[in-house]
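Note sheet for the following structure.
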Amino acid sequence: MSGQRVRLDIAYCGSDFHGWAAQPGLRTVEGTIAQALATIVRTPVRLTVAGRTDAGVHACGQVANVDFAQDVWVGLPGRSQRTPEEALLSRLCGVLAQQTQGRRDVVIRGVSAVPQTFDARFSALGRHYRYLMSDTVRTACPWRLDVAEHRRGLDVEAMARAAHRLLGEHDFLPFAKPREGATTIRTLKQLDVTRTASGLVEFRLHADAFCHSQVRFMVGALTRVGEGQRCEDWIGEVLAAGVRDPAVPLAPARGLTLVGVDYPDEADYAEQARRARVVRSL
């Protein structure tokens with residue numbers, strides 16, 4: 001019997017999760033959603049996600065996909081006049097609200113039926129992240145769980161100029177925790193550093209994909225420039241060295257949010273997934 005692939009659009013506050021990936025005995029985003037889905041369809045499910053976020057990292061635009069047997073999918077509305085998408089969204093939000101005991105730190109924002117060629121990870125064209133940081137007592141906002149605190153004032157203009165040295169296709173090994181057998185070559189399309197109207201330092205990043213902890217290492221390196229501890233050219237020197245530099249700090253997870261994932265037109269899902277699976281070299 002054929003099945004139905006379903007896209008889930010997800011938002012969560014990562015503060016009380018041990019990251020996305022399911023881990024025995026730990027509360028994770030994947031584990032929480034998979035348990036809720038299993039409660040509804042009465043069988044274990046497997047999720048594929050656009051980007052595995054670390055412990056403490058948030059998302060307002062995460063995407064995952066899950067497969068259901070066709071009879072399970074069409075049976076979700078029961079006797080109601082709802083579509084399977086509407087029924088799953090309603091039931092999933094209800095179960096998650098019970099599991100999170102009213103905290104609502106993970107929410108399903110949308111449910112849609114997609115072709116079998118859709119792959120939340122490999123069909124993606126790009127990921128967008130935001131990093132927020134408070135660098136003065138005046139801008140401190142401890143009630144906001146998506147803002148990291150930095151104890152020294154930062155020169156935003158210097159960081160913005162240094163950030164341009166990271167744009168383009170590079171081997172980002174100096175700013176990553178490499179995974180065995182995986183490439184660290186990525187194309188960074190945007191790394192803007194600005195100060196918001198409220199005085200926070202905002203980093204906006206866009207790449208075809210990001211390595212493990214890449215955003216947090218790049219932000220950490222830029223703060224060294226913003227503090228005046230390193231010159232603007234240092235960023236390019238670290239990248240050119242091609243090895244991990246212990247002088248590059250890892251920025252706190254708290255300030256990082258996955259804000260969106262780009263996908264091609266439906267007809268191009270499979271081709272984009274094929275291209276994304278090819279191991280790149282410079």
Side-chain angles (χ1 to χ4, degrees), residues 6-68 88-89 91-111 119-122 124 127 129-133 142-149 175-182 184 209-220 244 249-261:
V6 176
R7 168 176 168 165
L8 305 177
D9 289 272
I10 307 164
Y12 49 87
C13 173
S15 301
D16 291 334
F17 289 104
H18 288 81
W20 166 269
Q23 302 177 60
L26 296 177
R27 185 172 186 254
T28 69
V29 182
E30 179 183 26
T32 299
I33 296 174
Q35 181 181 348
L37 286 168
T39 298
I40 294 168
V41 302
R42 300 182 182 181
T43 186
V45 299
R46 178 179 177 274
L47 292 165
T48 298
V49 71
R52 291 187 176 188
T53 50
D54 293 336
V57 175
H58 320 291
C60 58
Q62 181 69 278
V63 179
N65 66 263
V66 60
D67 292 332
F68 297 111
L88 181 60
L89 179 61
R91 295 174 67 179
L92 190 49
C93 287
V95 174
L96 285 172
Q98 293 178 347
Q99 288 184 355
T100 58
Q101 299 177 341
R103 284 178 292 182
R104 289 179 60 83
D105 54 0
V106 56
V107 175
I108 307 302
R109 303 179 65 181
V111 171
D119 185 295
R121 178 185 176 188
F122 289 110
R127 284 85 170 167
Y129 279 90
R130 178 189 70 226
Y131 195 100
L132 291 175
M133 182 176 286
W143 60 90
R144 284 194 59 171
L145 299 179
D146 64 337
V147 178
E149 293 188 1
F175 300 97
K177 292 180 179 177
R179 301 182 188 275
E180 185 176 355
T184 48
F210 288 93
C211 305
H212 185 202
S213 298
Q214 180 184 343
V215 173
R216 293 169 60 195
F217 275 123
M218 292 192 301
V219 169
R244 283 282 300 119
L250 184 66
R254 175 174 177 149
L256 184 58
T257 301
L258 173 61
V259 297
V261 184

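Treat the numbers as computed from the prediction; the structure is a model and nothing was measured.
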Next on the checklist: For a 4.5 angstrom cut-off between non-hydrogen side-chain atoms, does His58 reach Ser15?
Outcome noted: yes
Checklist entry - How many angstroms lie between CZ in Arg109 and SG in Cys93, if you round to the nearest 0.5 Å? => result 11.5 Å
Item to check | Side-chain heavy atoms of Arg27 within contact of Thr32, under 4.5 Å | outcome: yes
Item to check | Spacing of Asp67 atom CG and Leu47 atom CG [to the nearest 0.5 Å] | outcome: 10.0 Å
Checklist entry - Taking all non-hydrogen atoms of both residues, which atom of Thr48 and which atom of Ala120 are closest, and how far apart? => result O-CB, 3.5 Å
Checklist entry - Taking the six-membered ring of Phe217, is the NZ or CZ of Arg244 close enough (under 6.0 Å from the centre) and on axis enough (within 45°)? => result yes
Checklist entry - If we only count heavy atoms from C-beta on, is the Phe68 to Leu37 side-chain gap below 4.5 Å? => result yes
Checklist entry - Looking at CG of Asp119 and CZ of Arg7, how far apart are the two atoms once the value is rounded to the nearest 0.5 Å? => result 12.0 Å
Item to check | Side-chain heavy-atom pair Thr257, Leu132 within 4.5 angstrom cut-off | outcome: no
Next on the checklist: So Val29 and Gln62, do their side chains get closer than 4.5 Å, heavy atoms only?
Outcome noted: no
Checklist outcome for this item: Heavy-atom nearest pair, Val57 first then Leu256, reads CG1-O, 3.5 Å
Checklist entry - Between Arg127 and Ala50, is there a donor-acceptor pair closer than 3.5 Å when you use the side chain of the first and the backbone of the second? => result yes
Checklist entry - Is Asp146 salt-bridged to Arg144, going by a charged N under 4.0 Å from an acidic O? => result yes
Checklist entry - Can you tell if the side chain of Met218 reaches within under 4.5 Å of the side chain of Phe210, non-hydrogen atoms only? => result yes
Next on the checklist: Are Val219 and Arg216 packed together at the side-chain level, in the sense that at least one heavy-atom pair is separated by less than 4.5 angstrom?
Outcome noted: no
Item to check | Spatial distance of atom CG (Leu96) from atom OG1 (Thr39) [nearest 0.5 Å] | outcome: 9.0 Å
Item to check | Heavy-atom pair of closest approach, residues Arg121 and Val49 | outcome: CB-O, 3.3 Å
Checklist entry - Parallel under 30°, tilted from 30 to 60°, perpendicular over 60°: which one fits the rings of Tyr12 and Trp20? => result tilted
Item to check | Any Val6 side-chain heavy atom under 4.5 Å of Val111 side chain | outcome: yes
Checklist entry - Does one side chain, of Ser213 or Asp54, offer a donor that lies under 3.5 Å from an acceptor on the other? => result yes
